[in-house]
Amino acid sequence: GVQYAGAPGPRGLFPTRAPMHDPAHLKMLAEVPRFHRLARRHLARSHQAAPPSRSDRARPDRARSDRAAVDQTLREFLAYYGFSPAFARHFAEPLVAAVWSCDPERALDYPAAYLFTFLKHHGMLGVFGSPRWKTVVGGSRTYVAKVAATLPDVRTASPVLGVRETGDGVEVRTAAGIETFDAVVIATHPDQALAMLSEPTSSQREVLGAIGYSRNTARLHTDISLLPPAERARASWNFLRPPAGIGSGAVTVTYDLTRLMRLPTKTHYLVTLGGEELIDPAMVIETMDYAHPLYTPASVAAQARLGEIETPRIAFAGAYHGWGFHEDGALSGLRAAERLGLSWPRSSADVPPTPRIYDTTVRHTRRAPMKRSFTHRSTMWLVDLDRLPDHGRWARFEARDHLGDPARSLKENVVAFLAAHGVELADSKLAAPNAGAGRVLLAAHPRAWGYCFNPISVFWCWSASGELAAVVVEVHNTYGDR
């Protein structure tokens, strides 16, 4: 069978001698850069096609053509551009099935523009330059425990049987009875949310009912037969297409936890979705059930309507508001709280230590009179304006390179700028210009050997109480404007 891994380079692409002499495999690999290039072009067209412009309405044939391209599924995209069957079967299907834990046979029904947006955000629309992934130390249970510790009442094993909005609150029914709350956030899968609503509206039925899920059983085990036979083809995520008649139609993806988490052991601890018939039962440590959102044209259209189903007292949250990942669920929870009039208390204590240097990517696009864009790598310093590093000619931060009066300090200029816009960082009762002002961090380039240019400088400004009060983005161009 076909086995390869992209990350190790040539060693992974040709883990054995056989692929070197396989024309279909060689053609598939040659098609990957073309796929990335056309996917980026498709994204650009999708942004231009929505919403229709006045010129589109004047040329309806062009508008319909662009809209049809935007609405393409991955299957239609691959067929339109003539990608080979081997590419669809051994690259496109595993890519979607592995990331979203879905049936490989349904993977190509994924909306193309939605998929490409995700891949672009995660640095996956190019052969080189993949981002370094970061994980939460201790896993998701660590931040769950931290959030739970701030709540006055956490109830587990208390299923919600009904949620009903009334004139003065929201009734929540459990086996223990009915309680009334000011507002409710329903943070569950959409089918579960719909089942909880005692009196769902027609919009809630339509939207929540259109977002489907795939059910997957995950097994933690040590059976390395689920990994590719060739060791050089093994990766952190391993897609397996079972032989015909075995687990047909179900996803089989194996995550190598030993590799992902850099566990100090030679034992491969693996988590496999699907593939029950392929795993040695004696090597299974634990079995868990999961559900993952399915993305189809209908579910993506429903996702765009999620704002319609909320009320002044009921908000919804869950990973299905985004691409189905932890960060999507966390972001949707923040938005739900803000939807109900609450705010997230951002503290200056949560920021990283300074000074620190970050690797960055700078992108610039000029749209008129001629369209031109470029990208290059750079670095930016993150510094505290109260403790600015000074390395002489090599690197220093000076007020003349940023907003305000060059005769004053950077901190004084930022405090004055915010005060002019109605944001007070300093205690006005104190005599010193910025006495009592909270912390201000700056991300920018330093002045080095008499030269400094910052396309953008970003100031994060906290009040004396530790709350994030403002973010100031200062933009410079090459001809002196600021």
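We number each residue from 1, following the sequence as shown. Only heavy atoms go into these numbers, but all of them, side chains included; no hydrogens, no water, no symmetry mates.
Using a 3.5 Å distance cut-off with no hydrogens or angles, the side chains of Asp280 and His221 do not pair a donor with an acceptor. Side-chain contact annotation: His268 with Thr222, donor-acceptor N/O pair under 3.5 Å absent. Thr217 and Asp289 share a donor-acceptor pair across their side chains, judged by distance under 3.5 Å alone. Residues Glu171 and Thr166 bring no donor and acceptor atom of their side chains to less than 3.5 Å of each other. Of the N and O atoms on the side chains of Tyr80 and His42, not one donor lies less than 3.5 Å from an acceptor on the other residue.
For Ala183 against Val170, the heavy-atom pair with the smallest separation is CA-CG2, 4.2 Å. Residues Glu93 and Ala107 come closest through the heavy atom pair O-CB, 3.9 Å. In terms of heavy-atom proximity, Ser299 sits nearest to Leu294 at OG-O, 3.0 Å. For Pro23 against His21, the heavy-atom pair with the smallest separation is CD-O, 3.3 Å. Heavy-atom minimum distance, Ala97 versus Val253: O-CG2, 4.0 Å. For Tyr320 against Thr188, the heavy-atom pair with the smallest separation is CE2-O, 3.2 Å.
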Exercise for the section: For Val2 and His25, run side chain to side chain contact (heavy atoms under 4.5 Å, CB included): C-alpha distance rounded to whole Å, both residues' side-chain angles, the deciding distance at 0.1 Å, then the answer. Expected result: CA-CA 8 Å; Val2 177; His25 185 73; 4.2 Å; yes
| said: Under the criterion side chain to side chain contact (heavy atoms under 4.5 Å, CB included), I'd like the reasoning laid out for Thr73 against Leu108: C-alpha separation, chi angles, the key distance, then a yes or no. | reply: CA-CA 7 Å; Thr73 63; Leu108 299 187; over 6 Å; no
Test log, rule side chain to side chain contact (heavy atoms under 4.5 Å, CB included), inputs Leu257 and Leu270:
CA-CA 6 Å; Leu257 300 188; Leu270 311 172; over 6 Å; no
Exercise for review: Go through the steps for Tyr4 and Phe91 under the test ring pair (Phe, Tyr, Trp, His ring centres under 6.0 Å), then give the verdict.
Suggested key: CA-CA 10 Å; Tyr4 72 95; Phe91 181 87; 7.3 Å; no
Review point. Hey, mind stepping through Tyr295 and Trp323 against ring pair (Phe, Tyr, Trp, His ring centres under 6.0 Å) and telling me if it holds?
Key: CA-CA 9 Å; Tyr295 292 95; Trp323 284 292; 8.5 Å; no
Next on the checklist: Could you walk me through whether Glu308 and Gln204 satisfy the side chain to side chain contact (heavy atoms under 4.5 Å, CB included) test, starting with their C-alpha distance in whole Å, then the side-chain angles of each, then the deciding distance to 0.1 Å, before giving a yes or no?
Outcome noted: CA-CA 8 Å; Glu308 299 177 18; Gln204 289 169 341; over 6 Å; no
Inset, instruction - Evaluate the criterion ring pair (Phe, Tyr, Trp, His ring centres under 6.0 Å) for residue pair Phe35 and Tyr81; output intermediate values, then yes/no. - result: CA-CA 9 Å; Phe35 171 77; Tyr81 287 107; 9.8 Å; no
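At least one side-chain heavy atom of Ile186 sits less than 4.5 Å from a side-chain heavy atom of Leu197. The side-chain heavy atoms of Leu43 and Lys120, taken from C-beta on, include a pair separated by under 4.5 Å. Taking 4.5 Å as the limit, some side-chain heavy atom of Leu382 sits within range of a side-chain heavy atom of Leu441. When side chains are defined from C-beta on, Asp191 does not count as touching Leu208, because their heavy atoms never get closer than 4.5 Å. Under the 4.5 Å side-chain criterion, counting only non-hydrogen atoms from C-beta, Leu278 is in contact with Leu226. The side-chain heavy atoms of Asn238 and Pro228, taken from C-beta on, include a pair separated by under 4.5 Å. Residues Glu310 and Phe316 meet the side-chain proximity criterion, which asks for heavy atoms closer than 4.5 Å. At least one side-chain heavy atom of Leu263 sits under 4.5 Å from a side-chain heavy atom of Tyr269.
With rounding to the nearest 0.5 Å, the separation of CZ in Arg232 from CD in Gln3 is 10.5 Å. Annotation: the span from Arg205 atom CZ to Ile309 atom CD1 amounts to 13.0 Å, rounded to 0.5 Å. Interatomic distance, His445 NE2 to Ile456 CD1, rounded to the nearest 0.5 Å: 9.0 Å. Between the CG atom in Asp168 and the CG atom in Asp182 there is a gap of 9.0 Å [rounded to 0.5 Å]. Put simply, CG on Leu306 and NE2 on His321 are 5.0 Å apart, with the number rounded to the nearest 0.5 Å. Taken to the nearest 0.5 Å, the CE atom of Met380 stands 12.0 Å off from the OG1 atom of Thr361.
In this structure, Asp328 contributes its side chain and Gly324 its backbone to a donor-acceptor pair below 3.5 Å. Side-chain atoms of Ser158 do not come within 3.5 Å of backbone N or O of Arg155 as any donor-acceptor pair. Put simply, the side chain of Thr180 never gets that close to the backbone of Gly169: no donor and acceptor are under 3.5 Å apart. With hydrogens and angles disregarded, no donor-acceptor distance shorter than 3.5 Å links the side chain of Glu179 to the backbone of Arg173. Panel note: side chain Glu165, backbone Ile314; no donor-acceptor pair is recorded below 3.5 Å. The backbone N or O of Arg259 sits less than 3.5 Å from a side-chain atom of Asp256, completing a donor-acceptor pair. Between the side chain of Thr117 and the backbone N or O of Ala113 there is at least one donor-acceptor pair closer than 3.5 Å. The backbone N or O of Ile357 sits nowhere less than 3.5 Å from a side-chain atom of Thr379 that would complete a donor-acceptor pair. The backbone N or O of Tyr290 sits nowhere less than 3.5 Å from a side-chain atom of Arg215 that would complete a donor-acceptor pair.
Applying the 6.0 Å contact sphere to CZ of Arg335 captures no more than 12 heavy atoms from other residues, nucleotides or ligands. Within a 6.0 Å radius of CD1 in Ile224, other residues, nucleotides and ligands contribute 12 heavy atoms or fewer. Around the CZ atom of Arg106, the shell of radius 6.0 Å holds no more than 12 heavy atoms that belong to other residues, nucleotides or ligands. Atom CE of Met261 has 12 or fewer heavy atoms from other residues, nucleotides or ligands within 6.0 Å. Sparse packing is recorded around CD of Glu231, with 12 or fewer heavy atoms of other residues, nucleotides or ligands lying under 6.0 Å away.
Under a cutoff of 6.0 Å and an axis angle of 45°, Arg34 and Phe83 form a cation-pi pair.
Exactly one of Lys27, Glu31, Arg89 qualifies for a side chain to side chain donor-acceptor pair (under 3.5 Å) with Ser84. That residue is Glu31.
With ring centers used as reference points, Phe118 lies under 6.0 Å from Phe325. Side-chain rings of Tyr358 and Trp381 stay apart, their centers remaining 6.0 Å or farther from each other.
In summary, Asp384 and Arg439 engage in a salt bridge, as defined by a charged side-chain N under 4.0 Å from a carboxylate O.
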